[in-house]
Structure formats: C-alpha cells, structure tokens
Amino acid sequence: MASSNNDFVRFQEERKRKSFFKVLQRVDIFSENTRALPHDFVRNFSDDELSHKMKIKGQWGSSWELQISKNPRFYYMEKSGWEKFVKDNALGDNEFLSFTHKRKMSFDVNIFKQDGKEMLLPPQSRTYLASSSRVKTEQGEVMVSSDLRDPDPRTQDESNGGGQYKRKLNFEKKKDEESKRSKRTEKMVNVYQDSADASSSSVKEFTVIFQKSYLRLQAIPTSAAKDYMPDKKTKFKIHHPNGKKSWIIVYAPHETKPRFYGGWPKLVKEYPITVGDKCKFTLIKPDELVLVVNVRRDSADVSSSSSVNGFTKIIHQTHLRNQLRIPDSAVKDHMPKESMKFKIHHPDGKKSWIVNYCAYEKYSCFYGGWDNVVKEYPIVAEDKCTFTLIKPDELVLVVSKVIYSCQG
C-alpha cells in the first residue's frame with residue numbers, strides 16, 4: 001500500500017512539471033522550426049536561465065547539452081547540439097519526443113517510436129542485446145539462437161520442434177518488411193541523407209504559406225523558379241514524406257508568375273492542405289519534389305490575423321504602395337477609433353517611422369508614411385509582418401521572411 005501511495009505522489013509531481021513535445025520527420029529534422037521551443041513554455045523561464053545550456057537526459061542515462069539562441073520570433077536549440085542528439089539516437093522516423101523539465105535547465109526526454117513503443121535503450125545497446133544469446137523481456141527470458149543467420153532454416157526446425165524456426169521466420173519477415181519500407185522512402189529523403197553531415201545550404205528548397213488563391217494553382221517564388229526550376233513546361237512528381245502518396249503536377253514557367261497547376265487541386269484535396277498551412281518543397285531530382293506540410297490552425301485567413309496585443313499581415317503586391325489595410329478584428333480589439341499618427345519601430349531600435357493611421361467607417365489603414373516603411377525596412381511581397389502595440393500610438397514591426405526560403 002505504501003508503494004502504491006509513493007507511486008501516486010510521484011505521478012502527481014510529474015503532472016505538475018512543465019513539458020513540451022515534438023514529432024520528428026527526417027525531411028525537416030534539422031530545421032530551425034523543428035528546433036524551436038514553444039512560446040508558452042519559454043515564458044516559464046527568465047532570460048538568465050535561457051542564457052544557460054539546456055541539458056537533456058535519456059531514459060538510459062546518456063545526456064546532451066544544447067545552447068539556446070533567439071531570433072526575432074522564438075527561442076530555439078542550436079543546430080550543433082541538436083544534430084548530435086538526433087544522430088546519437090538515430091532519430092528521424094516520426095518519433096514522438098516528450099521533454100519534461102526537472103530543475104533549472106535540465107530536462108528528461110522520453111522517445112517513442114512510430115509503433116508507440118518507448119525507446120528505453122540507446123540504438124547501439126539494442127543492437128548488442130538482439131545479437132546476444134538471451135534477451136530479457138517483460139514476459140521473461142527468451143532464447144535467441146545465433147543460428148538465426150543459418151541459410152537453411154530446416155536445421156532449427158528439426159532440432160527445436162519448430163519453435164525457433166517460427167521465430168526465425170517472424171524475424172526474417174519483419175526484416176524484409178523493414179527493408180521494403182526503407183527502400184520505399186529512400187528515394188524521397190535521399191537528399192537529406194546525402195547532406196546530413198553537410199551544411200543545410202546544400203538543400204534546394206522553398207517554402208510558401210498556402211492561401212485561398214492557391215486552391216486551383218500554386219504560385220512559385222520567382223527566386224526559387226529561377227534557381228531550381230526548369231525553363232520549360234514540365235511534369236513534376238510530388239511525394240508525400242511518408243512515401244505512401246505521390247502526385248503528377250504540371251509546372252508552368254513564367255517570368256513573374258511561375259506556378260503548379262494541372263493535378264494541383266487533386267493534391268490539395270488528398271494531402272490535404274488548407275489555408276494557412278506552411279508548405280515546404282524540396283527537390284530530390286530535377287523533376288521530383290518532397291512536400292512537407294506544417295499545419296496551422298491559428299487563423300481562418302492566413303493573409304491577416306489578430307494577436308493578443310497586435311496583428312499579423314501577409315504582404316501582397318498591393319500593400320507595397322501607399323497604404324496597408326488593418327485586419328477588422330485588430331481594428332475592433334486594439335486600434336483607436338479615430339485617425340491619428342502612429343510611430344512604428346524597427347525591432348533593432350535603430351529605425352522608426354511616423355505613419356498616418358486612418359479610421360474610415362468601413363475599414364482602417366496605414367497610409368501617409370507607409371511607403372517609407374516599405375522602402376527602408378525593407379518589405380517585399382509575401383513577407384509576414386507582425387505588428388505589436390507597445391503604446392496606444394506606437395508599434396513594433398517584425399518582418400519574417402517565412403513565405404519562401406530558397407537554399408542551394
């Protein structure tokens with residue numbers, strides 16, 4: 001009874017600890033977004049604590065230290081320490097990782113494989129135990145004969161009454177299934193496997209935020225089209241990262257509006273992709289891509305959204321002229337009811353601009369002075385602009401180049 005009470009108390013204490021989780025896919029396992037720390041989780045720590053290294057400890061006692069850094073949008077784990085942790089544990093096959101805070105910047109990590117089983121031993125130890133004569137399981141000890149490598153299974157069948165022969169068949173069947181699964185996905189992730197030890201700049205990729213206008217055809221960033229895409233109309237094969245789906249899409253080059261069209265609506269429906277999702281395309285062959293979609297459900301309309309103390313706007317070509325319309329929800333919740341002048345600050349604190357804010361009856365916008373912000377910041381089409389109120393008539397503007405990022 002005392003033991004049960006102790007377990008219950010320990011369980012209650014575990015529930016009180018702060019934690020966050022991640023699901024790892026090989027195709028973007030080293031990206032900055034994958035290494036990001038959740039905003040709500042980070043708020044539990046002081047700047048001083050976040051300046052120290054983060055220590056994560058596996059269930060078998062091994063530990064890794066990772067430096068924490070910050071960009072204008074979020075805190076993240078530095079790539080060098082993260083790469084070592086990933087490679088040491090052979091991760092990247094849709095594992096579920098749970099990080100639980102223990103003290104200061106120390107965390108326990110629980111790793112669950114794709115089949116739902118928790119990883120309780122490092123990869124090397126698991127391999128060693130599988131080749132030993134006895135393996136301990138929850139049900140007890142099981143004999144594992146070294147003769148499993150014998151090309152003639154009849155020897156095991158005759159000497160053990162079929163028991164070990166049956167285990168041999170199950171072992172070989174599982175091995176064969178894993179081999180087939182590996183070959184099926186190898187084609188789609190080989191660019192990452194080849195570049196796992198190289199700089200991420202060797203990967204040819206681009207990213208777009210899916211918008212309503214992309215339901216029938218998908219616009220391609222002109223810089224990506226220029227650097228990576230063919231100069232003539234081409235059929236592309238686009239793969240789902242799980243290796244189970246692929247689609248044939250027609251690519252049409254254009255000086256200002258390159259795009260995917262024929263077959264694209266079918267991909268959108270079957271993947272599926274919805275407005276606001278982040279779509280990363282990675283070239284694995286001149287006419288083949290892997291498409292990874294990160295789902296976003298924080299806003300019904302990706303072009304604009306209202307946040308706790310400001311708003312976000314995806315910049316279109318029309319926004320680069322004399323005015324920027326403010327989302328209605330932000331006008332209602334945060335902005336003044338009458339026209340006035342606003343001071344917009346660059347986050348580095350070295351620049352600021354005076355912009356006229358006009359509160360019309362049907363909509364509100366920034367106009368006089370907005371063109372100077374666009375030119376001097378600078379801002380280009382498809383940038384993500386996040387405005388945060390710091391005073392009733394002052395904003396900080398953070399521009400994120402998240403719509404497309406081309407590497408090559």
Side-chain angles (χ1 to χ4, degrees), residues 21-36 38 73-74 76-77 79 82-83 86 91-97 114 181-182 184-196 198-211 214-215 218-221 223-225 227-229 236-249 251 259-260 263-298 302 314 382 384 400-408:
F21 72 88
K22 290 186 176 295
V23 178
L24 302 187
Q25 293 181 318
R26 182 174 296 276
V27 288
D28 62 349
I29 194 169
F30 298 122
S31 70
E32 200 167 274
N33 283 337
T34 298
R35 293 181 277 120
R73 294 180 293 143
F74 51 73
Y76 61 92
M77 296 172 277
K79 189 174 182 179
W82 177 255
E83 274 190 345
V86 168
L91 302 177
D93 190 21
N94 294 304
E95 293 89 359
F96 179 95
L97 275 61
Q114 193 172 13
R181 191 161 54 245
S182 175
R184 185 179 63 207
T185 58
E186 180 180 3
K187 185 177 183 181
M188 279 139 324
V189 299
N190 59 6
V191 65
Y192 293 94
Q193 293 171 334
D194 292 342
S195 61
S199 169
S200 60
S201 63
S202 63
V203 179
K204 297 179 178 180
E205 64 183 29
F206 59 93
T207 302
V208 298
I209 301 296
F210 193 77
Q211 303 177 24
Y214 297 161
L215 291 171
Q218 174 63 61
I220 308 298
S223 56
D227 293 341
Y228 311 137
M229 307 299 280
F236 267 78
K237 191 170 188 178
I238 298 181
H239 301 275
H240 193 289
N242 66 13
K244 297 178 181 180
K245 293 181 182 179
S246 62
W247 301 267
I248 301 298
I249 310 295
Y251 168 71
R259 60 197 181 278
F260 289 132
W264 179 252
K266 182 180 179 182
L267 182 152
V268 170
K269 181 179 179 180
E270 295 179 358
Y271 195 108
I273 307 174
T274 59
V275 172
D277 288 351
K278 180 179 178 182
C279 302
K280 182 191 286 185
F281 297 85
T282 302
L283 275 161
I284 57 174
K285 284 188 176 182
D287 58 353
E288 292 191 41
L289 294 153
V290 174
L291 170 59
V292 176
V293 176
N294 291 324
V295 179
R296 282 176 44 180
R297 295 290 181 264
D298 55 337
V302 69
I314 300 298
E382 296 186 326
K384 178 182 176 183
S400 304
K401 309 290 183 180
V402 298
I403 300 306
Y404 59 84
S405 59
C406 304
Q407 302 176 336

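In this chain, numbering begins with 1 at the start of the sequence shown. Both backbone and side-chain heavy atoms feed into the values below; hydrogens, waters and symmetry mates do not. These figures come from a predicted structure and were not determined experimentally.
- W82 CH2 to M77 CE: the interatomic distance, rounded to the nearest 0.5 Å, is 4.5 Å.
- Partners of W247 according to the side-chain hydrogen bond (donor to acceptor under 3.5 Å, both in side chains) rule, which considers only residues two or more places apart in sequence or in another chain, are E270.
- Shortest non-hydrogen contact noted between Y271 and V292 is OH-CA, 3.7 Å.
- Taking the side-chain hydrogen bond (donor to acceptor under 3.5 Å, both in side chains) definition, one finds that T34 meets it with S31, sequence neighbours left out.
- Looking only at side-chain heavy atoms (C-beta outward), Q218 and R259 stay at 4.5 Å or farther from each other.
- Looking at F74 and N33, their side chains come closer than 4.5 Å, going by heavy atoms from C-beta outward.
- Here the NZ-NE2 distance, from K244 to H239, works out to 16.0 Å after rounding to the nearest 0.5 Å.
- E95 meets the salt bridge (charged side-chain N to carboxylate O under 4.0 Å, His left out) test with K113; sequence neighbours excluded.
- Among V268, V293, T274, the one residue that satisfies the side chain to side chain contact (heavy atoms under 4.5 Å, CB included) test with F210 is V268.
- Between K278 and V208 the shortest side-chain heavy-atom distance does not fall below 4.5 Å.
- With sequence neighbours excluded, the residues satisfying ring-ring contact (aromatic ring centres under 6.0 Å, His included) with F96 are F21.
- Closest approach of P241 and L291 over heavy atoms only: CD-O, 3.0 Å.
- Residues A36 and K22 come closest through the heavy atom pair O-NZ, 2.5 Å.
- A 4.5 Å side-chain heavy-atom check between I248 and I238 finds every atom pair outside the cut-off.
- Considering only heavy atoms from C-beta on, Y251 comes within 4.5 Å of I220 through its side chain.
- Under the side chain to side chain contact (heavy atoms under 4.5 Å, CB included) criterion, P265 pairs with no residue at all, not counting sequence neighbours.
- Contact of the L24 side chain with the N94 side chain is not registered, since no non-hydrogen atoms from C-beta on lie closer than 4.5 Å.
- Judged as a ring-ring contact (aromatic ring centres under 6.0 Å, His included), and not counting sequence neighbours, W264 has no contacts.
- The closest side-chain heavy-atom distance from L289 to I249 is not below 4.5 Å.
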Determine whether D277 and N294 satisfy the following criterion, side-chain contact (heavy atoms from CB on, under 4.5 Å), listing intermediate values before the conclusion.
CA-CA 6 Å; D277 288 351; N294 291 324; over 6 Å; no

Determine, stepwise, if the pair F236 / E288 fulfils side-chain contact (heavy atoms from CB on, under 4.5 Å).
CA-CA 5 Å; F236 267 78; E288 292 191 41; 5.8 Å; no

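- At least one donor-acceptor pair under 3.5 Å links the side chain of H240 to the backbone N or O of N242.
- Considering only heavy atoms from C-beta on, V290 stays 4.5 Å or farther from F281 through its side chain.
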